[in-house]
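I have placed the structure first, in the form of structure tokens, so that the comments after it can refer back to it.
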2 protein chains.
Amino acid sequence: MVVDRLDTTFTALSDPTRRAMIERLSRGPASVHGLTEPFALSQQMISKHIAYLVRARIVIKTKRGRESVCTLRPEAIKTVSDWAISYRRFWEESFDKLDVVVNQMKKAEAGDDKKHG
Amino acid sequence: MVVDRLDTTFTALSDPTRRAMIERLSRGPASVHGLTEPFALSQQMISKHIAYLVRARIVIKTKRGRESVCTLRPEAIKTVSDWAISYRRFWEESFDKLDVVVNQMKKAEAGDDKKHG
DNA sequence: ATAATCTACTACCATATGGTTGTGGATAGG
DNA sequence: CCTATCCACAACCATATGGTAGTAGATTAT
């Protein structure tokens with residue numbers, strides 16, 4: 001079930017329009033029409049973009065009369081965060097190593113004035 | 001500079017082979033050949049996948065003799081984490097609301113036995 | 001020098017994606 | 001009922017991407 005949702009999730013996130021949609025939806029649900037206005041794109045393209053978000057289960061669409069209301073799924077975004085954070089140890093270690101190097105350089109510089117002429 | 005690196009970054013992350021490469025590289029640098037073996041893909045495809053990671057500045061390639069050594073850029077992964085975490089407030093609020101709903105349901109259930117009979 | 005190894009470059013194919021245009025269905029409002 | 005609005009569906013196009021096959025360049029080993 002949780003299989004390769006990461007594929008469709010990251011694909012959905014690779015487009016700036018869709019990320020902007022997420023930003024918009026993070027402030028509350030919106031209809032397809034409501035999502036069309038700010039983006040200067042055709043209604044068809046907006047629907048297509050929404051389809052990618054729905055496929056990745058980032059967004060849920062609900063019929064309400066003649067409108068389709070789009071709602072953001074918080075868990076989906078958290079999934080991305082979880083993926084990245086699983087490498088937290090890696091980048092923190094790297095930054096620690098960088099600190100060590102920087103400090104060594106500072107020490108070397110401090111006792112190294114004569115060489116720089 | 002920081003422009004739309006998110007586009008290429010998320011595109012790079014949308015493929016399971018490339019995510020596996022990142023996993024591999026998070027445990028240390030590797031040559032193209034070293035990355036080819038575990039994946040049962042042609043050398044050409046591996047190079048192509050690496051190209052996507054390089055384009056997104058997730059990986060850096062360095063020539064060493066006849067080899068190309070690939071190194072992971074920790075900052076790149078952190079960028080993804082930062083993006084997701086920028087919505088942290090959103091999903092935490094949502095989960096809080098969910099908690100409220102769940103608690104209300106529990107309360108309702110507790111004093112509601114007669115209706116279900 | 002010759003051969004084996006590591007990598008890049010090119011051409012080629014199928015599918016996915018961003019985008020347009022046209023249209024039809026369903027609902028809301030006059 | 002008639003019309004405007006909201007949305008979906010289909011056809012179509014250009015480009016990007018996953019993948020294969022063939023080959024050539026550069027470095028290492030014999």
Side-chain angles (χ1 to χ4, degrees), chain A residues 3-25 28-72 76 80, chain B residues 3-25 28-72 76 80:
Chain A
V3 223
D4 264 33
R5 189 142 304 150
L6 277 180
D7 279 40
T8 53
T9 298
F10 282 127
T11 296
L13 296 179
S14 68
D15 185 275
T17 299
R18 293 193 289 260
R19 289 197 303 277
M21 281 175 163
I22 290 176
E23 215 282 306
R24 164 70 187 78
L25 289 176
S31 67
V32 175
H33 179 71
L35 283 175
T36 303
E37 287 175 324
F39 293 119
L41 275 179
S42 66
Q43 171 260 313
Q44 290 90 332
M45 267 317 293
I46 295 293
S47 288
K48 224 168 181 177
H49 280 305
I50 292 175
Y52 286 110
L53 293 170
V54 169
R55 184 182 64 170
R57 298 181 55 74
I58 295 174
V59 161
I60 290 181
K61 262 202 320 192
T62 317
K63 272 274 180 190
R64 280 200 22 175
R66 67 181 163 181
E67 291 189 330
S68 279
V69 177
C70 300
T71 311
L72 202 55
V80 176
Chain B
V3 222
D4 263 35
R5 189 143 306 150
L6 278 179
D7 278 41
T8 53
T9 297
F10 283 127
T11 298
L13 295 179
S14 68
D15 184 275
T17 300
R18 292 194 290 260
R19 289 198 303 277
M21 283 176 163
I22 290 176
E23 216 284 304
R24 165 70 188 78
L25 290 176
S31 67
V32 174
H33 180 69
L35 284 175
T36 304
E37 287 174 326
F39 294 119
L41 275 178
S42 66
Q43 171 260 315
Q44 290 91 329
M45 269 315 295
I46 296 293
S47 288
K48 221 168 182 178
H49 280 305
I50 293 175
Y52 286 110
L53 294 171
V54 169
R55 184 182 65 169
R57 297 182 56 73
I58 294 175
V59 162
I60 290 181
K61 263 201 320 192
T62 317
K63 271 275 179 189
R64 279 200 23 173
R66 67 181 164 183
E67 292 188 330
S68 280
V69 178
C70 301
T71 311
L72 202 55
V80 176

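As the structure is a prediction and not an experimental result, all values here were calculated from the model. Chain identifiers are assigned alphabetically (A, B, ...) following the order of the sequence lines, protein sequences preceding nucleic acid strands; residue numbering begins at 1 within each chain.
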Please tabulate, one pair per line, each protein N/O and nucleotide N/O from nucleotides 16-18 of chain D that are separated by under 3.5 Å, including the distance.
from, atom 1, to, atom 2, distance (Å)
dT17(D), OP1, Arg55(B), NH2, 3.1
dT17(D), OP2, Arg55(B), NH1, 3.4
dT17(D), O5', Tyr52(B), OH, 3.4
dG18(D), OP1, Arg18(B), NH1, 3.1
dG18(D), OP1, Arg18(B), NH2, 2.8
dG18(D), OP2, Arg18(B), NH1, 3.1

Who passes side-chain contact (heavy atoms from CB on, under 4.5 Å) against Pro29(B), sequence neighbours left out? Val69(B), Thr71(B)
For His33(B) and dA26(D), what is the distance between atoms NE2 and C1' respectively, to the nearest whole Å? 17 Å
Please name the pair of heavy atoms, one in Val32(A) and one in Cys70(A), separated by the smallest distance, quoted to 0.1 Å. CG2-SG, 4.4 Å
For the student: nearest non-hydrogen atoms of Pro16(B) and Asp7(A), plus distance: CD-OD2, 3.1 Å
Please determine which of Thr11(A), Leu13(A), Leu6(A) meets the side-chain contact (heavy atoms from CB on, under 4.5 Å) test together with Ser14(B). Thr11(A)
Residue list, side chain to side chain donor-acceptor pair (under 3.5 Å) with Glu23(A), at least two apart or on another chain: Arg27(A)
OG of Ser31(B) to CD of Glu37(B), rounded to nearest 0.5 Å, is 8.0 Å
Interatomic distance, Leu25(B) atom CG to Leu35(B) atom CG [nearest 0.5 angstrom]: 5.0 Å
Rounded to the Å, how far apart are Asp7(B) CG and dT15(D) P? 18 Å
Working to the nearest 0.5 angstrom, can you tell me the gap between Thr62(B) OG1 and Glu67(B) CD? 12.0 Å
Distance-only donor-acceptor hits, side chain of residues 46-61 of chain B, under 3.5 Å, sequence neighbours excluded:
from, atom 1, to, atom 2, distance (Å)
Ser47(B), OG, Gln43(B), O, 3.3
Ser47(B), OG, Gln43(B), NE2, 3.3
His49(B), ND1, Arg18(B), NH1, 3.1

Look at Ser68(B) and dT7(C) and indicate whether a side-chain polar atom (N or O) is within less than 4.0 Å of OP1 or OP2. no
Each nucleotide in nucleotides 22-30 of chain C should get exactly one letter: B, S or -. Can you fill that in based on protein heavy atoms under 4.0 Å? BB---BS--
To the nearest Å, give me how far apart CG (Leu35(A)) and P (dC6(D)) are. 13 Å
Note down the inter-axis angle between the two ends of the helix from dA1(C)-dT30(D) to dG30(C)-dC1(D), five pairs each, to the nearest 10°. 20°
Counting C-beta onward and ignoring hydrogens, is there a side-chain heavy-atom pair between Phe10(B) and Arg19(A) closer than 4.5 Å? yes
It should be established whether Ser47(B) places a side-chain nitrogen or oxygen under 4.0 Å from OP1 or OP2 of nucleotide dA8(C). yes
Check whether any side-chain N or O of Lys63(B) sits under 4.0 Å from OP1 or OP2 of dA26(D), and answer yes or no. no
Determine the minimum heavy-atom distance between Pro38(A) and Gly34(A), stating which atoms define it. CD-O, 3.2 Å
Categorize Ser31(A) for me: base, sugar-phosphate, or nothing, with a 4.0 angstrom heavy-atom threshold over every strand shown. sugar-phosphate
